[in-house]
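Let me begin by presenting the structure, written as structure tokens, before commenting on it.
Atoms considered below: every heavy atom in the structure, side chains included; atoms not considered: hydrogens, waters and symmetry mates.
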Amino acid sequence: MPLVYWPPSISAASTARWCSHHICGRPEQDHKERPPMDQENVSATLTIAAPAASVFVVLADPATHAAIDGTGWVQEAVDRAPLTGTGQIFRMAMYHADHPNGDYQVANKVQVLDPPRAISWLTGQEKEDGRLEFGGWFWRYDLAPLGPSETEVTLTYDWSAVPQSVREYLRFPPFEPDHLINSLHHLAGLVSGR
């Protein structure tokens, strides 16, 4: 679920320096499993031994997102209220050891909320003046019941609306290919533990 989204106090030059040494700026040979340059989304699918409604409840609870995250960047929910409608904003505390500030915060805006079939959110940041700015990427979970106690869950990360100016210094996706399937396995563990 995470995405490195630099706070407004971090300049593009500073970000470019950070990226030149990290995942968004590594030479292409380090990313053999990354999607082709013209691909603008990645997905993973896993069958979870639980009804779709049970899976959806976990996904709609921001307090579970740190445990679902496959990268370890999501730390905790700042806004802990369950997700109940499109347009709802929920903030997450993040940490990345190589991020210029280490700790940072993202603001997410619910795009799709269709219980128990789909949930999606845009990721961005809150500017100093309180305005929200979104980077053009979103996370989406699609749930397809396979019977009363199994659900096929597809997690998609889509960066098709990221402006070229951001693509010049951040590589997409900003995580390794196994992040999505790791997140789905974490989700399965959370759902089975309830």
Measuring from atom [atom1] of [X] to atom [atom2] of [Y], what distance do you get when rounded to the nearest 0.5 angstrom?
X	Y	atom1	atom2	answer
N182	D69	CG	CG	9.5 Å
T64	L187	OG1	CG	7.5 Å
Y95	D103	OH	CG	6.5 Å
Q111	S120	CD	OG	4.0 Å
L46	S183	CG	OG	11.0 Å
S54	L59	OG	CG	11.0 Å

Taking all atoms of both residues into account, what is the closest heavy-atom pair of [X] and [Y], and its distance?
X	Y	result
H186	G70	CE1-CA, 3.9 Å
W159	V42	CZ3-N, 3.7 Å
M92	P62	CE-O, 3.6 Å
F134	A107	CE2-O, 3.6 Å
D61	R194	OD2-NH2, 3.7 Å
A63	R80	CB-NH2, 3.5 Å

Is a donor on one side and an acceptor on the other found under 3.5 Å between the side chain of [X] and the backbone of [Y]?
X	Y	result
Q88	P82	yes
T151	A144	no
T123	N108	no
T86	V112	no
N101	Y104	no
H179	P173	no
S149	P51	no
H96	W73	no
D158	N41	no

Just so I know, are the side chains of [X] and [Y] near enough to count as touching, which here means a heavy-atom distance under 4.5 Å?
X	Y	answer
L132	R91	yes
L83	F90	yes
Q105	V78	yes
I68	V58	yes

Could you go step by step and tell me if F175 and Y157 meet the ring-ring contact (aromatic ring centres under 6.0 Å, His included) rule?
CA-CA 10 Å; F175 45 77; Y157 175 77; 5.1 Å; yes

Applying side-chain contact (heavy atoms from CB on, under 4.5 Å), run through V162 and F172 and close with a yes or a no.
CA-CA 9 Å; V162 172; F172 288 90; 3.7 Å; yes

Any chain of hydrophobic side-chain contacts (each under 4.5 Å) joining V57 to V110?
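Shared cluster, no.
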
Only one of I48, T47, D142 clears side chain to side chain contact (heavy atoms under 4.5 Å, CB included) with V153; which?
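So the option named by the test is I48.
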
Run the side-chain contact (heavy atoms from CB on, under 4.5 Å) test on K109 and W121 for me, step by step, so that the C-alpha distance in whole Å, both residues' side-chain angles and the decisive distance to 0.1 Å come before the verdict.
CA-CA 5 Å; K109 181 178 181 180; W121 55 86; 5.9 Å; no

As a quick check of understanding, evaluate side-chain contact (heavy atoms from CB on, under 4.5 Å) for R117 and L143, giving each step before the final call.
CA-CA 5 Å; R117 294 178 196 88; L143 287 67; 5.6 Å; no

Pair R131-D129, salt bridge (charged side-chain N to carboxylate O under 4.0 Å, His left out): steps then yes or no
CA-CA 6 Å; R131 283 181 307 113; D129 64 4; 2.9 Å; yes

Report the C-alpha distance between W139 and H65 in whole Å, list the side-chain angles of each, state the deciding distance to 0.1 Å, and finish with yes or no for ring-ring contact (aromatic ring centres under 6.0 Å, His included).
CA-CA 12 Å; W139 297 94; H65 290 195; over 10 Å; no

